[in-house]
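For clarity, every value in this text was computed on a predicted model and none was experimentally measured.
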Amino acid sequence: QVQLVESGGGLVQAGGSLRLSCAASGVISSINTMGWNRQVPGKYRELVATITSSGSADYADSVKGRFTISRDNNLNTVYLQMNSLKPEDTGVYYCRYSGHGSYWGRGTQVTVSS
C-alpha cells in the first residue's frame, strides 16, 4: 500500500504561481512514476505531468513551458511548480503513484481567477 498526501493548492490570480507537493509513504518501489492529473466537474481527469524515478519528465501540451515537475527520491516527494497560471488551469489536482500498483491522492484544489 502507498499513501499520498498533497498540499499547496489555493486561490491565485491569473499570471501567478503555485507549488504543489505530494508526499508518498508506505511500500515504495525503487522504480516508479509519480505525477499530477487534474479534473474539473463534468470533465475527464487529464494528465498534467509525470516524472519517473530516474528523472524523466513529460508534460501535457497545455502546460509545457509553464509547469515544472520535479522530485526528491530521498523524501519520496514530487513537486509541481506552476507559473503563469491561467483560469483554465483551475481544477482539483490529484497526485498519482505508479509502481507495484497504482495509487491516487485525495486531491488539492487550485483556483485561478481572471
Side-chain angles (χ1 to χ4, degrees):
Q1 286 277 23
V2 174
Q3 296 78 41
L4 303 170
V5 178
E6 302 112 329
S7 61
L11 173 64
V12 65
Q13 289 188 330
S17 298
L18 283 174
R19 188 190 193 209
L20 306 183
S21 299
C22 172
S25 61
V27 182
I28 307 298
S29 302
S30 59
I31 299 174
N32 63 71
T33 299
M34 296 185 72
W36 295 92
N37 293 57
R38 66 187 178 195
Q39 188 169 22
V40 296
K43 293 190 176 181
Y44 63 90
R45 190 174 296 186
E46 64 172 349
L47 177 71
V48 175
T50 60
I51 186 167
T52 67
S53 47
S54 60
S56 178
D58 195 18
Y59 299 90
D61 287 343
S62 59
V63 306
K64 283 181 181 177
R66 300 188 297 122
F67 291 11
T68 302
I69 190 169
S70 61
R71 63 187 292 165
D72 185 330
N73 289 335
N74 291 326
L75 297 177
N76 293 320
T77 299
V78 64
Y79 307 96
L80 186 68
Q81 178 66 44
M82 305 186 293
N83 299 328
S84 302
L85 282 161
K86 305 175 180 179
E88 51 263 43
D89 293 318
T90 294
V92 179
Y93 283 68
Y94 295 92
C95 178
R96 184 176 184 181
Y97 165 95
S98 297
H100 290 146
S102 184
Y103 300 87
W104 292 92
R106 292 189 174 186
T108 184
Q109 177 71 43
V110 171
T111 302
V112 184
S113 63
S114 57

Note, T50 side chain near R96 side chain (heavy atom, < 4.5 Å): no
message: Give me the atom names and distance for the closest heavy-atom approach of S21 to W36.
response: O-CH2, 3.5 Å
- prompt: Got L20 and E6 here, is their nearest side-chain heavy-atom distance under 4.5 Å?
  reply: no
message: Quick one, M82 and R66 - any side-chain contact, counting heavy atoms below 4.5 Å?
response: no
field: Any donor-acceptor pair under 3.5 Å from S53 side chain to N32 backbone
entry: yes
message: Quick check: is L80 connected to Y94 through a chain of hydrophobic side chains (ILVMFWY, heavy atoms under 4.5 Å apart)?
response: no
task: Please determine, by modelled atom types, if S54 and T52 share a side-chain donor-acceptor pair under 3.5 angstrom.
output: yes
field: Donor on one side chain, acceptor on other, N83 and Q81, under 3.5 Å
entry: yes
- request: Could you tell me whether the side chain of Y79 reaches within less than 4.5 Å of the side chain of D72, counting heavy atoms only?
  value: yes
message: Strictly below 4.0 Å, N to O, side chains only: are K64 and D61 in salt-bridge contact?
response: yes
N73 CG to S30 OG distance, which is reported to the nearest 0.5 Å: 10.0 Å
query: Where do S62 and R38 come nearest, in terms of heavy atoms and distance?
result: OG-NH2, 3.5 Å
- prompt: Closest approach of Q109 and V92, non-hydrogen atoms and distance?
  reply: OE1-CG2, 3.2 Å
Min side-chain heavy-atom separation L85-F67 under 4.5 Å: yes
- prompt: Is the closest side-chain heavy-atom distance between R45 and W104 below 4.5 Å?
  reply: yes
task: Indicate the atoms forming the closest heavy-atom contact of V2 with V27, along with that distance.
output: CG2-O, 3.3 Å
message: Could you tell me if the side chain of V78 sits less than 4.5 Å from the side chain of Y97, heavy atoms only?
response: no
Smallest separation among heavy atoms of S114 and P87, with atom names: CB-CG, 3.8 Å
query: Distance from N76 atom CG to C22 atom SG, nearest 0.5 Å?
result: 10.0 Å
task: Using a 4.5 Å cut-off on heavy atoms from C-beta on, say whether the side chain of M34 contacts that of L4.
output: yes
- prompt: Got a donor-acceptor contact below 3.5 angstrom from the Y93 side chain to the G8 backbone?
  reply: no
